[in-house]
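This report refers to the structure that appears directly beneath it.
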2 protein chains.
Amino acid sequence: MSEQAFNELPSSRCMDAFGPIGVRMHFAAEEEIYAQEEDADLIYQVLEGAVRTSRLLSDGRRQIGDFYYPGELFGMEPGDKHSFSADALGDCTILAAKRSAVRHCGDQRERLEDLIWKATTQELARTQEHLFVLGRRGACEKVASFLMSAAKRARSDLTPLAMSRQDIADYLGLTIETVSRTLTQLQSDGLVRFAGYRNFQVVRPAGLSRLVAA
Amino acid sequence: MSEQAFNELPSSRCMDAFGPIGVRMHFAAEEEIYAQEEDADLIYQVLEGAVRTSRLLSDGRRQIGDFYYPGELFGMEPGDKHSFSADALGDCTILAAKRSAVRHCGDQRERLEDLIWKATTQELARTQEHLFVLGRRGACEKVASFLMSAAKRARSDLTPLAMSRQDIADYLGLTIETVSRTLTQLQSDGLVRFAGYRNFQVVRPAGLSRLVAA
DNA sequence: CGTTTCTTTGAATCCGGTCAAGGTCCGTGG
DNA sequence: CCACGGACCTTGACCGGATTCAAAGAAACG
């Protein structure tokens, strides 16, 4: 497991969102945080590391829902069961809080309910954006838009990728080979430059965003 | 425009969800209810007819977000601007309410806030399901899952389709030709039978759902 | 330094897209 | 009531991009 590059970032110490009802937990790489169909009475915040949510099909195909980074909340679900599973991309620290505990939380209650509302609507926005990327085919467009949003999140010039090629493929609805070929092509077109498998920098932002097209 | 088949359904008179702050409106087929980037201070409920939300790209491609039917709420948005536009699939009656009016709504307030919360989380669930369908490629799977969810919504044996082939294509991320070919194939495989362009019945439910694979 | 795992590359195949007719349905007007 | 016209849908032939299968190449790890 080679998650080092990502975990050794200046792991932006971020705020504990849940206050007194939050419980700190640690997960090793690839460890499961919650499973599909499990009761969804907890909500989570990433403190360090990164998390992915995914849904597995009977025939082995996998759809990744999203990736979550320090500061972000995940685990909000429409129903009372998780429709995706969540697991640690690398070693990570997670804060968990009982959803049902919010109502017995006195002065914090309003703030927490607002927090959950915001996180849920933002989740909706992310999902819509993801949908939009999957809908319009074209491997180049998909990969380019993935790289752009990754780069936007990074503060440094060099953008780290917390996930494997397979993860990217399952996120975009492509095969790992297509993702790899497309990355190679984007690189030889001079739009991005990779430093190892899991770090890259955008060389020509305008060129990249031209591929995406709003 | 041949929306008759759908509009002449026993148009399930459904409850007015908004009470005193709701305003009844009527839209003709293809008329725009709200536009992309427009302020999102209203929420809507379909009373009669059907509605589609969509997002247009600069190059003409279109992604349909979802279809809404009598009783369902739409127009909830993560931000304060609409990220999709909405328009009438056929002639329809819509109920609209100012989101900001909810807080001045006295005894109804709690109920309305709960309603909006439920609608938003359900919207999230629908979007995730849609994402899931788009992610796993295969025209057959996509079309089959579309037909299945349409059939599940219908009370009658004969399922009406409120939308055109082009709408289905833009919903599933396929071309109209592929949708058409796939429908023909499903029919000649004896899984469904079409009566005209916009009505079908499921002949072998098990066969259809086998194509979808959870 | 060898082994394992992940990634890249190559060649052949296949599914869906594109382009171009042809067919069907439906509303209109003779 | 039937003929016409236009919009929508289906079908066919061809093409291209993504998948598949297979193997070689790079990193990470002990």
Side-chain angles (χ1 to χ4, degrees), chain A residues 1-8 28-30 59-62 89-91 133-144 146 160-188 192-200 211, chain B residues 1-8 29-30 59-62 89-91 133-144 146-147 160-188 192-200 211:
Chain A
M1 291 299 107
S2 56
E3 311 297 336
Q4 289 177 309
F6 187 77
N7 285 330
E8 284 169 6
E30 304 299 312
D59 62 5
R61 280 176 297 180
R62 187 180 64 153
L89 266 177
D91 295 358
V133 173
L134 287 189
R136 57 157 175 312
R137 346 137 279 257
C140 262
E141 269 176 293
K142 287 181 176 179
V143 173
F146 180 81
L161 289 176
M163 71 294 289
S164 70
R165 298 289 187 267
Q166 186 64 61
D167 288 327
I168 299 176
D170 291 343
Y171 179 81
L172 294 176
L174 298 170
T175 61
I176 184 177
E177 292 96 330
T178 300
V179 170
S180 181
R181 272 186 255 274
T182 307
L183 288 175
T184 303
Q185 191 207 320
L186 291 177
Q187 182 161 228
S188 57
V192 299
R193 184 205 321 267
F194 268 79
Y197 294 146
R198 291 165 98 106
N199 290 281
F200 73 97
L211 285 180
Chain B
M1 288 301 107
S2 55
E3 310 296 336
Q4 288 175 311
F6 186 78
N7 285 330
E8 284 168 6
E30 304 300 313
D59 61 5
R61 280 176 295 179
R62 186 179 66 154
L89 266 178
D91 295 358
V133 173
L134 287 189
R136 61 160 178 303
R137 339 142 284 262
C140 261
E141 268 175 293
K142 288 181 177 181
V143 173
F146 179 81
L147 292 181
L161 290 176
M163 71 294 289
S164 70
R165 298 288 189 266
Q166 186 64 61
D167 288 327
I168 300 175
D170 290 343
Y171 180 81
L172 295 175
L174 298 170
T175 61
I176 185 177
E177 292 96 330
T178 299
V179 170
S180 182
R181 271 186 255 277
T182 308
L183 288 176
T184 303
Q185 193 205 319
L186 292 177
Q187 183 163 225
S188 56
V192 299
R193 184 205 319 268
F194 267 80
Y197 293 146
R198 291 165 99 104
N199 290 281
F200 73 97
L211 285 181

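Quick note on labels: first sequence line is chain A, next is B, and so on, each numbered from 1. Keep in mind it's a predicted model, so treat the numbers as computed, not measured.
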Fill in the blank from the handout: When A/Gly196 and A/Gly173 are each assigned the nearest nucleotide of DNA chain D, the 5'-most assignment goes to A/Gly173
Exercise for the section: State the CD-CZ distance between A/Glu141 and A/Arg136, to the nearest 0.5 angstrom. Expected result: 5.0 Å
Practice task
Applying side chain to side chain contact (heavy atoms under 4.5 Å, CB included) between B/Lys142 and each of B/Ile168, B/Leu174, B/Leu147, report the one that passes.
Solution key: B/Leu174
Problem - Donor-acceptor pair (no angle test) under 3.5 Å: B/Arg181 side chain, C/dT18 base - result: yes
Practice task
Round to the nearest Å and state the distance from B/Leu134 atom CG to C/dG16 atom P.
Solution key: 14 Å
Exercise for the section: Report yes if the side chains of A/Val133 and A/Tyr171 come closer than 4.5 Å at any heavy-atom pair, otherwise no. Expected result: no
Practice task
Let me know the distance between CG of B/Leu186 and C1' of D/dT11, rounded to the nearest Å.
Solution key: 16 Å
Practice task
Ignoring backbone atoms, test whether B/Arg198 places a side-chain nitrogen or oxygen under 4.0 Å from the OP1 or OP2 oxygen of D/dC9.
Solution key: yes
Practice task
State the CG-CD distance between A/Asp91 and A/Glu30, to the nearest 0.5 angstrom.
Solution key: 10.0 Å
Problem - Donor-acceptor contact below 3.5 Å, side chain B/Arg165 vs main chain B/Tyr197 - result: yes
Exercise for the section: Would you indicate, yes or no, if D/dC9 has its OP1 or OP2 atom less than 4.0 angstrom from a side-chain nitrogen or oxygen of B/Ser180? Expected result: no
Handout entry: Side chain of A/Tyr197 - closest among C/dC6, D/dC8, C/dT9
Key = C/dC6
Practice task
Classify the nucleic acid contact of A/Gly138 as base, sugar-phosphate or nothing, counting any heavy atom under 4.0 Å across all strands shown.
Solution key: sugar-phosphate
Exercise for the section: Considering non-hydrogen atoms only, spot the tightest contact between A/Ala29 and A/Leu89 and give its length. Expected result: CB-O, 4.2 Å
Exercise for the section: Take the protein atom CG of B/Asn199 and the nucleotide atom P of D/dC9, then report the distance between them rounded to whole Å. Expected result: 13 Å
Exercise for the section: Go through D/dC9, C/dG17, D/dA18 for me and flag the one nearest to the B/Ile176 side chain. Expected result: D/dC9
Fill in the blank from the handout: On DNA chain D, more 5' by nearest nucleotide between B/Gln166 and A/Cys140 is B/Gln166
Exercise for the section: Whole angstrom is fine here: how far is it from CZ in B/Phe200 over to P in D/dT10? Expected result: 13 Å
Problem - Bend angle of the helix from C/dC1-D/dG30 to C/dG30-D/dC1, end axes from five pairs each (to 10°) - result: 30°
Problem - A/Thr178, A/Leu183, A/Leu211 screened by side chain to side chain contact (heavy atoms under 4.5 Å, CB included) with A/Val143, the one that passes - result: A/Leu183
Fill in the blank from the handout: Whole-Å distance, B/Asp167 CG to D/dC8 C1', equals 12 Å
Exercise for the section: Give A/Ser164 one of three labels, base, sugar-phosphate or nothing, depending on what nucleic acid heavy atoms sit under 4.0 Å from its own. Expected result: sugar-phosphate
Practice task
Would you indicate what B/Leu174 reaches in the nucleic acid, counting non-hydrogen atoms under 4.0 angstrom: base, sugar-phosphate, or nothing?
Solution key: sugar-phosphate
Exercise for the section: Measure the distance from CD on A/Gln187 to C1' on C/dT8 and round it to the nearest whole Å. Expected result: 12 Å
Practice task
Test for a donor-acceptor pair under 3.5 Å between the base of D/dC9 and the side chain of B/Glu177, counting only N and O atoms.
Solution key: no
Exercise for the section: Nearest whole angstrom, please: distance from the P of C/dG16 to the CG of B/Leu172. Expected result: 12 Å
Exercise for the section: Please report, rounded to the nearest Å, how far the P atom of C/dT7 is from the CD atom of A/Gln185. Expected result: 19 Å
Exercise for the section: Side chain of A/Arg165 only, please: which of C/dT8, D/dA18, D/dC9 is the nearest? Expected result: C/dT8
Problem - Minimum side-chain heavy-atom gap A/Arg137-B/Arg137 below 4.5 Å - result: no
Exercise for the section: For A/Thr184, report the nucleic acid contact type (base, sugar-phosphate, nothing); a contact means any heavy atom under 4.0 Å. Expected result: sugar-phosphate
